[in-house]
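What follows is a short report on a single structure.
Excluded from the calculations below are hydrogen atoms, water molecules and symmetry mates; all remaining heavy atoms, backbone and side chain alike, are included. Keep in mind that this is a model prediction, so the values were computed, not measured.
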Amino acid sequence: MSQKGKCGIGVNTEGPPHLQPGSTVEIKPPEFGYQGAWYTATIIQRNTPIPSRRFMVQFTHLFQDQKTGERPLRMFSVSHIRPQLPPLRPRKFKQGEDAGAYHKYGWWEGVILQEWNNGNYLFMFHSDNHSPKYVVFGVNQLRLHRTWFNGYWVPPVQESELAVEEVQREEEYNEGDLVEVRNDEDGSNRSWFAAIIVKPVGNKRYLIQYVTLETEDNTDFLEKEVDTSHIRPRPPDIVVPDQFVMLDQVDAFYKGGWWKGVIIKVLSGDSKYHVYLATREEMEFKHDELRLHQDWIDGKWTKPSPVI
């Protein structure tokens, strides 16, 4: 079986329901850099022979090829697999409460350190390898930490916690829609470029035309075929403060795109700032070259989350 692209779902009636082919699960990869987070995936088939405790899976977003949209198949032990936690209503958290934070396509384990006045929470990652160690998250990016033990969630999921069921679907776009396209050939999520949907091309992919990037001969704007997972709507206009402050999480307009960063120095008197970009570069930007950062998560825009 090919390890890339489309794949068939193997027939297998052995084991609990969440390990059946086609089931959506959460997986904690043991590789360095991913330890401490749970990522959604689909069970493809059980490894042979039948008593094997290893399963072939395909992640929803993780390890996706940024150019082709193909997602490789990976093999994991059952000890790294658990059912997908059902969608839960937003809730308030207490200081010291164990929680999970949605970050870089995964639910990272950590602890609530403090509630802020704006309803956000200061969160500390349990993983010693995660940088930064402290991040402020909105309530829609957090969930109570739970463990899957002997076929049950601990603590149990109460019916009152469940979110109102909604129809889940891939984001669909129409010809002429204004969008932003992620440019992350290195696998990161650091920059977004304004574009227009030219047309759908099938298999959850679209032909887009950038509005800031030109062809090599500078005769037209660049067109590119991209997967829907690399597209999001244009962020809504929100009020830009008269002056940004230290640790504001922003997007900086650079090389035709919006690059994620954080304010690390405010230059007095001339409306300029030093921004530490997600590329690990420090650069100077004018006030009108910045916007407050927003995240597109589960079909909703979330408040800017300053990094501590």
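By the side chain to side chain donor-acceptor pair (under 3.5 Å) test, E97 pairs with R91, sequence neighbours left out. Residues forming a ring pair (Phe, Tyr, Trp, His ring centres under 6.0 Å) with H130 (at least two apart in sequence, or on another chain): H103, W108, F125. The side chain to side chain donor-acceptor pair (under 3.5 Å) test applied to Q35 returns no partner, not counting sequence neighbours.
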Would V78 and F55 count as a side chain to side chain contact (heavy atoms under 4.5 Å, CB included) if you check the C-alpha gap in whole Å, the side-chain angles of each, and the deciding distance to 0.1 Å? CA-CA 7 Å; V78 69; F55 291 80; 4.2 Å; yes

Decide side chain to side chain contact (heavy atoms under 4.5 Å, CB included) for V275 and M283; before the verdict, give the C-alpha distance in whole Å, the side-chain angles of both, and the deciding distance to 0.1 Å. CA-CA 5 Å; V275 178; M283 298 185 62; 5.8 Å; no

Walk me through it: do K94 and I112 pass the test side chain to side chain contact (heavy atoms under 4.5 Å, CB included)? CA-CA 7 Å; K94 300 176 182 178; I112 301 295; over 6 Å; no

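Taking OG from S79 and CD1 from I81, the interatomic distance works out to 8.0 Å, rounded to the nearest 0.5 Å. The CG atom of D251 lies 10.5 Å from the CZ atom of F285; values are rounded to the nearest 0.5 Å. Interatomic distance, NE2 of H145 versus CZ of F93, reported as 12.0 Å (0.5 Å rounding). Atom OH of Y276 sits about 8.0 Å away from atom CD1 of I264, to the nearest 0.5 Å. Of the inter-residue distances, the one linking Y39 atom OH with I27 atom CD1 reads 12.0 Å to the nearest 0.5 angstrom. Between the CD atom in Q58 and the CD1 atom in I43 there is a gap of 11.5 Å [rounded to 0.5 Å].
Chaining together hydrophobic side chains whose heavy atoms lie under 4.5 Å apart places W258 alongside F253. In the hydrophobic clustering, L178 connects to I196, V211, either directly or through intervening members, whenever side-chain heavy atoms lie under 4.5 Å apart. Residue L207 is found in a hydrophobic cluster whose other members, listed by chain and number, are V198, V201; membership requires side-chain heavy atoms under 4.5 Å apart, directly or through intermediates.
R146 approaches L85 most closely through the heavy-atom pair CD-CD1, 4.0 Å. Of all the heavy atoms in G138 and N120, the pair that sits closest is CA-OD1, 3.2 Å. In plain terms, the two heavy atoms of Y273 and I263 that are nearest each other are CB-CD1, 3.8 Å. The nearest pair of heavy atoms linking V250 to L290 is CG2-CD2, 4.2 Å. Taking every heavy atom of both residues into account, H80 and P30 meet most closely at CE1-CB, 3.9 Å. A37 approaches P29 most closely through the heavy-atom pair O-CD, 3.8 Å.
Between P235 and R291, some side-chain heavy-atom pair lies under the 4.5 Å cut-off. For the pair V179 and P233, the minimum side-chain heavy-atom distance is 4.5 Å or more. Counting heavy atoms from C-beta on, the side chains of W153 and R82 come closer than 4.5 Å. Two residues are said to be in side-chain contact when any heavy atoms from C-beta on lie closer than 4.5 Å; Q243 and V266 meet this criterion. Counting heavy atoms from C-beta outward, T215 and F221 have side chains that stay 4.5 Å or more apart. Looking at heavy atoms from C-beta onward, V25 lies out of side-chain contact with T40 at the 4.5 angstrom threshold. Residues L277 and K260 have side chains not in contact (no heavy-atom distance under 4.5 Å, counting atoms from C-beta outward). Side-chain contact between Y34 and L62 is present, with at least one heavy-atom pair separated by less than 4.5 Å.
Taking the charged nitrogens against the carboxylate oxygens, K92 and E115 do have a contact shorter than 4.0 Å, which makes a salt bridge. Between K199 and E175 there is no salt bridge, since no side-chain N of the basic residue sits under 4.0 Å from a carboxylate O of the acidic one. Using a 4.0 Å cut-off between charged nitrogen and carboxylate oxygen, D128 and K133 count as a salt-bridge pair. The existence of a salt bridge linking E225 and R205 is confirmed by a sub-4.0 Å separation between a basic side-chain nitrogen and an acidic carboxylate oxygen.
Side chain to side chain, W38 and Q84 fail the donor-acceptor criterion of an N or O pair below 3.5 Å. Defined by atom type and a distance below 3.5 Å, a donor-acceptor pair is missing between the side-chain atoms of H126 and E109. Inspection of the S127 and N129 side chains reveals no N or O donor paired with an N or O acceptor under 3.5 Å.
Linking Ile, Leu, Val, Met, Phe, Trp and Tyr whenever their side-chain heavy atoms come within less than 4.5 Å leaves L19 and Y152 in two separate clusters. Cluster membership check: F149 does not share its hydrophobic cluster with V157, using side-chain heavy-atom separations under 4.5 Å among Ile, Leu, Val, Met, Phe, Trp and Tyr. At a threshold of 4.5 Å between side-chain heavy atoms, the hydrophobic network of Ile, Leu, Val, Met, Phe, Trp and Tyr places V245 and L292 in two separate groups.
For the pair R74 and F63, the cation sits on the ring face: its NZ or CZ lies under 6.0 Å from the ring centre, inside 45° of the axis.
No donor-acceptor pair closer than 3.5 Å links the side chain of R232 to the backbone N or O of E180. Side-chain atoms of S191 never come within 3.5 Å of backbone atoms of W259 as a donor-acceptor pair (strictly under, hydrogens ignored). Of the possible polar contacts, one joining the E161 side chain to the Q158 backbone as a donor-acceptor pair under 3.5 Å is found. Of the possible donor and acceptor atoms, none in the side chain of R182 sits under 3.5 Å from a partner among the backbone N and O of W192. The backbone N or O of T60 lies less than 3.5 Å from no partner atom in the side chain of T42, so there is not a single donor-acceptor pair.
A perpendicular orientation is assigned to the rings of F193 and Y210, their planes being inclined by more than 60° (bins at 30° and 60°).
Other residues, nucleotides and ligands contribute more than 12 heavy atoms inside 6.0 Å of the CG atom of D288. Within a 6.0 Å radius of CG in N218, other residues, nucleotides and ligands contribute more than 12 heavy atoms.
Evaluated for a side-chain contact (heavy atoms from CB on, under 4.5 Å) with Q209, the options D220, L222, I197 yield exactly one hit, D220.
Note: Y173 and Y206 meet the aromatic proximity criterion, with ring centroids under 6.0 Å apart. Ring centroid separation for the pair F123 and F137 comes in under the 6.0 Å cut-off. Ring centers of H287 and F244: under 6.0 Å apart, within the cut-off.
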